[in-house]
Amino acid sequence: MTAPSAVILAADYYLHNFERLINAAARYLDILPAEPLAALNQYQQLSRDARMLLVRLLSRKGLYFRREKLHYIEISELDNAANELIFSGLVSDTPPAADQLFSLLTLAELKPVAATVGINASTKAQLLMALGELTNIDDVALRFSELLGLQWLSLQCQSLLELLLLLYFGNNYQDLSQFVLSDIGMQPFEQYQIRPADRPYQTAADIEAALRLSELSKAWHDAIERKQPLNCEDVLAKLPATQNNRILERRRQRMLFVIGRQAERAKALALAQQCYLQCDSWAAQERLSRVYEKTNVAAAATLLPQLWHAAPNETLRLSVQRICKRVAKQTCAEELTSLSVQAVQYQPPSKMELSLPYVAGVSVEQQLVQYLSGQGACAYFCENSLLCGIFGLAFWDIIFAPVIGAFDNPYQRAPRDMYQPSFAEERQTLIEQRFAALATGDFGIIKQHFTEKQGLTNDWVNWRVLTEDVLAQALSNFSARFICAVCQRLLQDPAHYRSGQPDIILFESDGAPQFIEVKGPGDTLADHQGYWLNFLAQFYPASVCYVQWQP
DNA sequence: ACCCGACACACACTG
DNA sequence: CTGCGGTATG
DNA sequence: CAGTGTGTGTCGCATACCGCA
Ligand SMILES: [Mn+2]
Ligand SMILES: [Mn+2]
């Protein structure tokens with residue numbers, strides 16, 4: 001109730017936010033499906049109170065609500081509002097199905113009434129289970145409801161909200177709370193330019209496909225959450241055909257990849273192959289070659305060398321090489337044999353060993369930081385946040401540059417094409433200019449963005465970890481050559497190189513930097529971590545520290 | 001950038 | 001009474 | 001064994017409150 005934040009929102013803030021969605025959807029009026037369009041018209045005719053109640057209900061979890069559990073002091077006539085909503089058809093007063101109805105009652109409510117039908121159980125789960133086995137379950141549920149004098153409100157327009165969110169954010173995970181987080185300053189965003197010209201969806205078919213993809217994805221994750229049964233074939237059949245819209249096609253391929261993985265687990269390799277063949281991503285190509293390894297050695301022998309040569313990073317190349325080695329044993333393709341022999345340039349990183357007293361509840365990384373600090377050095381546990389953060393700050397304005405199609409709502413943490421090859425291509429000149437400036441050793445732009453953009457959401461900057469302290473040390477001790485090389489590497493394959501960076505950055509008393517990847521007992525160095533250490537070792541000491549617990 | 005990745009950690013399988 | 005997970009709120 | 005591959009759990013605003021064990 002008491003507002004902890006300095007910002008105080010208007011009493012009807014949520015209505016405003018919902019209407020932001022509606023206003024933004026105006027650009028799609030010509031291509032909206034009939035059903036949500038009708039709901040939208042109904043909404044426009046509602047009184048203010050009814051709108052407010054509707055948005056309150058839409059913001060809650062679930063579709064069914066007990067009237068007496070709703071207390072909204074900012075809505076003056078709740079009953080009138082509810083009746084109006086029911087009259088409009090956007091909400092109905094039908095009670096939920098029996099099992100749903102039961103679960104919306106409290107244990108205290110259930111117990112005495114359940115006893116009248118001869119059910120006595122101590123926990124709610126047991127009670128629900130027993131009630132579920134009644135043959136006259138629906139009658140019993142309705143009787144319970146009447147006995148308790150319950151009135152029900154059931155949302156009939158949830159799909160309208162889902163559509164509005166999908167159109168506004170272009171994804172399935174951001175929702176109305178995004179507005180609040182931004183408005184109260186909890187998660188503010190950069191004020192980049194949004195070009196009104198391009199709307200993400202162009203045709204009615206686009207919207208239809210977007211809706212279908214989001215439904216399939218939701219159903220998929222629902223099934224996972226409830227454990228079982230995932231019918232890959234079924235979902236694959238329901239998936240829309242190849243999309244012209246780049247964003248939609250990317251979403252489709254994401255879904256295809258997930259289905260493919262599941263098919264692999266279910267040993268449906270032909271199905272998995274069918275999925276992966278429709279995907280462009282490197283990950284899918286790698287999975288495809290693993291499928292071929294088991295089902296079609298000849299195909300593997302063709303695909304693997306292609307992958308090996310085209311691989312955008314060492315980690316993928318190494319994985320491909322390992323598969324090569326195995327496949328080479330099954331076939332005598334000489335190209336495979338030669339590839340499997342070729343070294344993927346990799347130096348085992350230098351190792352250190354250390355024994356530390358075990359302290360419960362403190363991570364190995366933290367303990368090593370403490371230990372090193374005791375040695376007179378400055379150590380920070382930054383993982384990916386240091387190098388990614390430096391990149392994010394150095395290229396802030398370029399990341400948020402108003403490229404066509406990059407931004408379509410004010411709540412993006414990166415441009416749409418951040419992890420596509422087009423990112424660097426379309427900003428080529430800006431990027432080159434920035435490198436030229438950085439190469440002179442002038443890191444002013446980084447410091448400037450650190451202060452000016454403090455707290456703003458950027459997919460590359462983790463403000464919690466990248467403190468003024470670490471950054472200052474880094475900027476005064478890293479060479480321009482090093483910072484440029486790191487940024488080049490990140491730009492080369494941003495999605496891949498944003499991870500695998502060492503746990504700890506250490507500055508010795510003279511400022512000399514050193515990178516350390518910490519490994520506790522039972523943890524091993526991952527491939528991408530090794531390659532980062534290799535890369536860093538060209539500039540500064542970079543090693544793995546194996547920690548053991550003192551007996 | 002779509003309930004995700006990024007980590008460590010926990011297995012299982014293979015030669 | 002307590003602590004925990006889920007939910008609602010700004 | 002080591003070297004692989006795959007599958008898990010955790011965390012991501014802060015705060016208040018509810019229902020349950
Ligand atoms: Mn780590
Ligand atoms: Mn580590």
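By convention in this document, chain letters (A, B, ...) are assigned in the order of the sequence lines, proteins followed by strands, and residues within each chain are numbered from 1. Values in this document were obtained by computation on a predicted structure and should not be read as measured data.
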Which value, in whole Å, describes the distance between the [atom1] atoms of nucleotides [N] and [M]?
N      : M      : atom1 : answer
D/dT6  : C/dG10 : C1'   : 42 Å
D/dT10 : C/dT9  : C1'   : 25 Å
C/dG5  : D/dC11 : P     : 10 Å
D/dT8  : C/dA8  : C1'   : 30 Å
D/dG7  : C/dT7  : P     : 28 Å

Parallel, tilted or perpendicular: rings of A/Tyr192 and A/Phe400 (30°, 60°): parallel

Parallel, tilted or perpendicular: rings of A/Trp532 and A/Phe535 (30°, 60°): perpendicular

Phosphate OP1/OP2 of B/dC7 contacted by A/His528 side-chain N/O (<4.0 Å): yes

Presence of A/His221 side-chain N/O under 4.0 Å of B/dC4 phosphate oxygens OP1/OP2: yes

Heavy-atom protein contacts under 4.0 Å, nucleotides 3-10 of chain D, coded B base, S sugar-phosphate only, - none: -SSSS---

Sugar-phosphate, base or nothing in reach of A/Asn172, heavy atoms under 4.0 Å: nothing

Sugar-phosphate, base or nothing in reach of A/Asn384, heavy atoms under 4.0 Å: sugar-phosphate

Value in whole Å for how far the C1' atom of B/dC7 lies from CD of A/Gln501: 13 Å

Rounded distance [0.5 Å steps], CZ in A/Phe65 versus CZ in A/Arg60: 6.5 Å

A/Arg252 vs A/Leu213, side-chain contact (heavy atoms from CB on, under 4.5 Å): CA-CA, chis, key distance, verdict: CA-CA 7 Å; A/Arg252 192 183 80 95; A/Leu213 281 168; 4.2 Å; yes

More than 12 heavy atoms of other groups within 6.0 Å of A/Arg246 CZ: no

Test of ring centre spacing under 6.0 Å for A/Tyr13 and A/Phe179: no

Salt-bridge contact A/Asp527-A/Arg317 (side-chain N to carboxylate O under 4.0 Å): no

Set of side-chain contact (heavy atoms from CB on, under 4.5 Å) partners for A/Pro421, sequence neighbours left out: A/Glu425

N/O-N/O pairs, protein side and nucleotides 19-21 of chain D side, under 3.5 Å:
{"residue": "D/dG19", "atom": "OP1", "partner": "A/Lys69", "partner atom": "NZ", "Å": "2.9"}
{"residue": "D/dC20", "atom": "OP1", "partner": "A/Leu107", "partner atom": "N", "Å": "2.8"}
{"residue": "D/dC20", "atom": "OP1", "partner": "A/Lys124", "partner atom": "NZ", "Å": "3.1"}
{"residue": "D/dC20", "atom": "OP2", "partner": "A/Leu107", "partner atom": "N", "Å": "3.0"}
{"residue": "D/dA21", "atom": "OP1", "partner": "A/Lys124", "partner atom": "N", "Å": "3.3"}
{"residue": "D/dA21", "atom": "OP2", "partner": "A/Lys124", "partner atom": "N", "Å": "3.4"}

Test applied, side-chain contact (heavy atoms from CB on, under 4.5 Å); reference residue, A/Leu316; option that passes from A/His496, A/Glu286, A/Gln321, A/Gln285: A/Glu286

Among B/dA6, B/dC4, B/dA8, the one nearest A/Gln529 by side-chain distance: B/dA8

